[in-house]
Amino acid sequence: MKVIEIENLNKIYKESEIEVHAVNGVTLDFEEGEFAAIVGPSGSGKTTLLNMIGGLDDPTSGEVIVGGSSMSKLKGAELTDFRLHNIGFVFQSYNLIPVLTAKENTEFVMRLQGLSAKVCETRSEELLNIVGLGERMNARPNKLSGGQQQRVAVARALASKPKFVLADEPTANLDSKSTETLLEIMEKLNREENITFIFSTHDARVVKKARRVITLEDGKILSDVTKNGGE
Amino acid sequence: MITSISWKNVWRNKSRSMIVIGAVTLGTLSGVFVAGMMKGWVDQRIHSAIHTEVSHIKMQHPEYLNNEEIKYTIPNYSEIENYLNNSENVKAWTKHTKIMAMAATSRGNTGVMLKGINPDEEKRVSDLYTNIVKGGGNYFESEFKNPIVISEKTADQLRLINYQITDNLIDTLKLLKVKDHTIESLASIKDKRFITEKKFKSALEEILHKNEIRVHGPVIMQMAKHYKVKSKIVFTFSGSNGEMSYQSFRVVGVYKTANTMFDQMNAFVIADDLAKVAGFEPNKYHEINMIINEESVDIKDFSQTLAEKFSETNVMTWKELAPDAGMMADFMQVYYYIIMGVIFFALAFGIINTMLMAILERIKELGMLMAIGMNKKRVFNMIMLETVFLTLTGSVVGMILGAITIGITGRVGLNFSSVQEGFEAFGWSALVYPSIELSFFFGVTLMVIAIGILASIIPARKALKLNPVEAIRME
Ligand SMILES: Nc1ncnc2c1ncn2[C@@H]1O[C@H](COP(=O)(O)OP(=O)(O)OP(=O)(O)O)[C@@H](O)[C@H]1O
Ligand SMILES: [Mg+2]
């Protein structure tokens, strides 16, 4: 089943006289359960593409269809609500609310969704156990390492039961050990819970883990390779 | 959840929040205290307006208002007397005869209103008898013919106050361990009589150093003061027959209220004495003063009842008789809120500024929150609540401190006697007992919440203008 359909997507930034074609005629599909990496040199348009898929940025032209409905029709509060219920986000940094504990951060999106305190609590504990932070549930972000913070972010992204998770360079600020742990967790969630992950990266070791690798250059798809059986 | 985030956000930058909270605390404390002081003043003024000066309700001949002629006595007095004696709404009442007179002694003269009273009856309506000054005799207890109680002000104008350094005073100063030099200087003018305060002061200035006067002046002035009780005052007035009459009265008491204007006007004599010398007929009185049972009836309602029943008389409430106090009673609430409003308006700028800084620091975080699905309404609520909490914390602390301060000062009183003269000229006591009503705190709390909400609008709008993508991308 297709979760995301992208049709001839374009994003043009205009700065004074110069036009930057950040995303240039991209057409792509993602199936449920994919574990896909978007790679490419700096400035190739990875972040721009992910932002448009996540409904954070408007395309100049083209369409992003998530679960059969076009996002370009949504505006303002509707779009925010759509993100809340359909998409999980992991950013490079500043993922967490500093005044809340790991558990409260994980519960936060569920509370926004209007779930009961009880449900939120059980699910967030479950998720934090999965990402290996069962012991650190009541720690605030500043008491957690960068890698642990990103794991909380993954738990938070999954808490809302999204259709897919977008992660823009989730390991960019992590050492190799933490990178490995985070990737293992994401892989496991993908394998066991069939969670769809789409992430961008610069890191060759991360790319190796991906089952599908989409390479961008100057906003265009240079290659789109799906390996058989992962690795 | 959002409420708890807002509360926690207040404490993220502790020192910055504490500065704002401290400012709000101080602002609230001073506002509450000033309001408490005003209320203390107003309450006291109202109390003395009612219980010393004019009573709750006064009845008189309608013409007497325009023209204080002695012929305008209360019509149908006996009926009124009967009614008041039998009304459960009346706690106490008394009647006066009144006559304008010129008072003179060998040294001075002044005009006063002589009020003929019955002391026992009067005591139940007016607490003036508690205002006899120290060393100023008593309230109609001495057995003299034609006794009179005058104010200190009148005594001063009639030169019935002497200033004298006595042995007694010197002994007291020795007990107080005043320096020998000061006592020796004072001894040089011992037993010498000064007939005005001014002359005595200038004599002191000659023999004492400035510092000595500053330190001991008030005590010396107070102790050197001697009222010439038992002195005779001669009054001139035109009696009921229209002819000029003279009559002397003997001073038995000197009183002093907080209201200099009242003091200047009023002197009290026994009604029977006055009736004799002025030729008043029995059961002819110029005014009736009464104290109402406030629990059983509203003063205004009862005055209307009286006015309807005795339509030939004029009936006035204390609010009309002492309009300054009446107006204060009606508008003081408004004044308190104006004071608080001005203070909070000024504080609002600091609050807005602090919240703007807080928002600028959290641009990435706010961008992230919007990205993951927190809508604008919730973002707005979060910032608004944070602002309200910030403001409310300070003001709650301020109100508690204010209540404590008022509680303490309300018991011991605040002395403004250094600026006394200015206040007392208008009937405002120099000793103030601050007080406050509980409802004021509710009002202030509501006000603070409103100010917090208003102050959050600018910072919140700033946050809502953020574009999540740009906010997150910004390095
Ligand atoms: N807000 C913007 N205004 C103008 N140009 C922009 C804006 N955002 C991105 N660009 C440009 O669009 C192009 C793609 O940028 P993008 O951030 O998507 O690249 P990226 O692949 O994510 O790079 P990196 O690996 O450095 O994160 C770049 O040339 C960038 O300068
Ligand atoms: Mg990028």
Side-chain angles (χ1 to χ4, degrees), chain A residues 11 13 22 47-48 50-52 54-58 76-101 103-117 120-121 140-142 153 156-160 162 165-166 168-169, chain B residues 1-18 354-355 357-390 393 460-461 463-475:
Chain A
K11 181 75 183 179
Y13 290 112
T47 299
T48 310
L50 282 175
N51 283 345
M52 287 190 291
L56 294 171
D57 214 352
D58 294 328
E78 277 176 345
L79 189 59
T80 311
D81 223 44
F82 186 84
R83 290 199 298 266
L84 175 64
H85 287 96
N86 296 286
I87 310 171
F89 289 94
V90 178
F91 302 103
Q92 192 177 318
S93 52
Y94 294 100
N95 268 299
L96 305 177
I97 304 167
V99 293
L100 299 185
T101 63
K103 196 171 127 192
E104 290 165 340
N105 264 290
T106 313
E107 284 175 17
F108 182 68
V109 270
M110 292 188 273
R111 297 302 292 268
L112 289 184
Q113 286 180 325
L115 299 178
S116 76
C120 295
E121 189 164 358
R140 287 197 179 184
N142 62 355
R156 197 268 318 276
L158 291 176
S160 62
V165 175
L166 294 176
D168 189 9
E169 308 204 29
Chain B
M1 188 115 207
I2 287 176
T3 314
S4 112
I5 295 176
S6 299
W7 174 248
K8 286 170 179 165
N9 276 341
V10 170
W11 303 103
R12 256 164 101 156
N13 190 327
K14 280 211 184 71
S15 50
R16 190 176 62 204
S17 294
M18 281 314 286
T354 304
M355 285 309 295
M357 288 205 287
I359 299 300
L360 284 177
E361 273 174 8
R362 283 180 224 156
I363 283 184
K364 276 174 189 290
E365 185 183 325
L366 288 165
M368 179 274 291
L369 288 172
M370 290 169 164
I372 66 169
M374 188 166 176
N375 62 30
K376 293 194 171 192
K377 205 175 122 205
R378 283 167 164 158
V379 173
F380 185 92
N381 285 345
M382 183 176 78
I383 291 163
M384 191 193 74
L385 277 173
E386 181 174 341
T387 319
V388 170
F389 285 148
L390 186 69
T393 307
R461 278 177 56 122
L464 293 183
K465 277 199 195 125
L466 284 177
N467 175 340
V469 179
E470 280 163 23
I472 296 167
R473 203 189 276 265
M474 245 176 48
E475 287 303 331

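Chain naming here is simple, since letters A, B, ... match the order of the sequence lines and numbering starts at 1 in each. A quick note: this is a predicted structure, and the numbers were derived from the prediction, not measured.
The shortest side-chain heavy-atom distance between B:Leu369 and A:Phe108 falls under the 4.5 Å cut-off. Considering only heavy atoms from C-beta on, A:Arg140 comes within 4.5 Å of B:Lys8 through its side chain. You'll find the side chain of B:Ile472 stays beyond 4.5 Å of the side chain of A:Tyr94, heavy atoms only. Within the 4.5 Å cutoff, side-chain heavy atoms of A:Leu100 are placed close to those of B:Met1.
Neither the backbone nor the side chain of B:Arg362 comes within less than 4.5 Å of any heavy atom of chain A. Proximity to chain B (any heavy atom under 4.5 Å) is restricted, for A:Asn51, to the side chain, taken from C-beta onward.
Note that CG of A:Leu96 is 6.5 Å distant from CE of B:Met368, once rounded to the nearest 0.5 Å. Residue A:Ile97 holds its CD1 atom at 8.5 Å from CG of B:Asn9, rounded to the nearest 0.5 Å. Put simply, CD1 on B:Ile372 and OG1 on A:Thr80 are 11.5 Å apart, with the number rounded to the nearest 0.5 Å.
Counting all heavy atoms, side chain and backbone alike, B:Ala371 lies closest to A:Phe91 at CB-CZ, 3.7 Å.
Atom CZ of B:Arg12 has more than 12 neighbouring heavy atoms from other residues, nucleotides or ligands inside a 6.0 Å radius.
In this structure, A:Arg83 contributes its side chain and B:Met370 its backbone to a donor-acceptor pair below 3.5 Å.
The choice from A:Gly88, A:Ala117, A:Pro98, A:Ala77 that makes the most heavy-atom pairs within less than 4.5 Å of chain B is A:Pro98.
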